[in-house]
Amino acid sequence: MQSQPETHSAPPFHCGTVSIAGRPNVGKSTLMNILIDFKLSAVSPKPKTTRHKILGVLTDEDYQVAFLDTPGLPSRRHDELDRRLLSSSLEAIHEADLVVMVVEPKPPGEIEHRLIGELRGESKQAILAINKIDLVKKPELLPVMEAYARLYPFLEIVPISAVQPDGVDTLLNLIVRHLPEGEPLFAPDDVTDRPERFLAAELIREQVFNSYAQEVPYAVAVEIDTFQEQSQEHGGKDYISAILYVERDSQKAILIGRGGAMLKEIGTQARQGIEALLERPVHLELWVKVYPDWQMDRAFLLRLGY
Ligand SMILES: Nc1nc2c(ncn2[C@@H]2O[C@H](COP(=O)(O)OP(=O)(O)O)[C@@H](O)[C@H]2O)c(=O)[nH]1
Ligand SMILES: [Mg+2]
């Protein structure tokens, strides 16, 4: 190819897929939401809130990053759902141009060793983000950074706090710097490839995770039954009806609450979240059904996009 005399040298455009990996509850979804500046991925104080590989796209003048939030590596593999969570997390690592491995400011444990094994297997380019540094004192960080540096040739090791947020801009700059040059894959306004009905179901599931104690959230699957935009029957609001599947009658009773109070509360919270997402008024109806062992039903899991 003949070299052209350059009159304007625009900075190169960096573009690529970045998988956010790590054990459950380290703050992967919180980090992705803050990075893309959009409340896309469900967040709760409980591990394994995320059940899908979720794409979040961030576009700027000279870069586009396609982040993949992942369920994270579970420590156990009991049922079909666990297996799917693990395989979609591993898939996301394989697909990525770059992996951001998120850890807590603690020495590496079994899951971290396993994850690094996966990275090593493919000689993956990876950045380590040590999250939740707001919870520890500075001197505690250094030995953690050293321990990780010994385990894998991370491109960068960046201490951050996704909630404050602190260090996230630095992290983003480093991510972009290490992405290949290339053309954008998504339109500038695209935030995700997930349809609105998926995001609505996730907002409902997030409320369940934030409103109930241990057992119930893990027993719940949410399916959007009807999604009618600007329904005439509902005064021009979007009409959404969703089914919350639980495994047992006892869970159904807990989910609904005395006189339906709990379900009503979840409905109100979720509706507000969905309205913020769609920027339209919404009429939301929630139904509860018992479906024993839905976590074992491969076809059902596929239907829900797991
Ligand atoms: N103190 C603190 N908490 C955080 C931070 N990042 C996330 N969290 C909390 O950790 C919990 C799990 O976060 P989430 O993003 O759902 O983790 P994920 O399972 O890795 O996606 C939530 O309660 C978050 O608010 C952080 O930087 N500092
Ligand atoms: Mg998550």
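Read the numbers this way: they start at 1 and go in the same order the structure lists the ligands and their atoms.
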At a threshold of 2.8 Å, where the distance has to be below it, does the Mg ion (ligand 2) have an N, O or S atom of Thr70 nearby?
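No.
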Is it true that some N/O/S atom of Thr50, main chain or side chain, lies under 2.8 Å from the Mg ion (ligand 2)?
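So Thr50 does bind the Mg ion (ligand 2) by this criterion.
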Is it true that [Y] and [X] share a donor-acceptor pair across their side chains at a distance under 3.5 Å?
X	Y	answer
Gln295	Glu80	no
Tyr239	Gln230	no
Ser161	Asp134	yes

What's the shortest distance from [atom] to any protein heavy atom, and which residue and atom give it?
atom	result
atom 23 (O) of ligand 1	Pro45 CA, 3.3 Å
atom 8 (N) of ligand 1	Lys132 CE, 3.7 Å
atom 26 (C) of ligand 1	Val163 CG2, 3.3 Å
atom 17 (O) of ligand 1	Gly27 N, 3.1 Å
atom 14 (P) of ligand 1	Thr30 OG1, 3.6 Å
atom 6 (N) of ligand 1	Asn131 ND2, 3.2 Å
atom 12 (C) of ligand 1	Asn25 OD1, 3.0 Å

NZ/NE/NH1/NH2 to OD/OE distance under 4.0 Å, [X] and [Y]:
X	Y	answer
Arg303	Glu223	yes
Lys39	Glu206	yes
Lys28	Asp69	no

Report the C-alpha distance between Leu58 and Tyr63 in whole Å, list the side-chain angles of each, state the deciding distance to 0.1 Å, and finish with yes or no for side-chain contact (heavy atoms from CB on, under 4.5 Å).
CA-CA 8 Å; Leu58 176 68; Tyr63 64 82; 3.9 Å; yes
Take atom [atom1] of [X] as the centre, draw a 6.0 Å sphere, and report whether it contains more than 12 heavy atoms from other residues, nucleotides or ligands.
X	atom1	value
Arg280	CZ	yes
Asp169	CG	no
Lys106	NZ	no

Within the structure, does [X] bring an N/O atom to less than 3.5 angstrom of an N/O atom in ligand 1?
X	result
Ile160	no
Asp134	yes
Asp69	no
Ala162	yes

Minimum distance, heavy atoms only, to atom 20 (O) of ligand 1: which one of Lys48, Lys28, Lys46, Gln164 is it?
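Among Lys48, Lys28, Lys46, Gln164, the closest heavy atom to atom 20 (O) of ligand 1 belongs to Lys28.
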Just going by heavy-atom distances, which of Ser29, Ser44, Ala21, Pro105 is nearest to atom 11 (C) of ligand 1?
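The option holding the nearest heavy atom is Ser44.
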Any idea which atoms of ligand 1 are less than 4.0 Å away from a heavy-atom of Leu135?
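Reading through ligand 1 atom by atom, the close ones are 1 (N).
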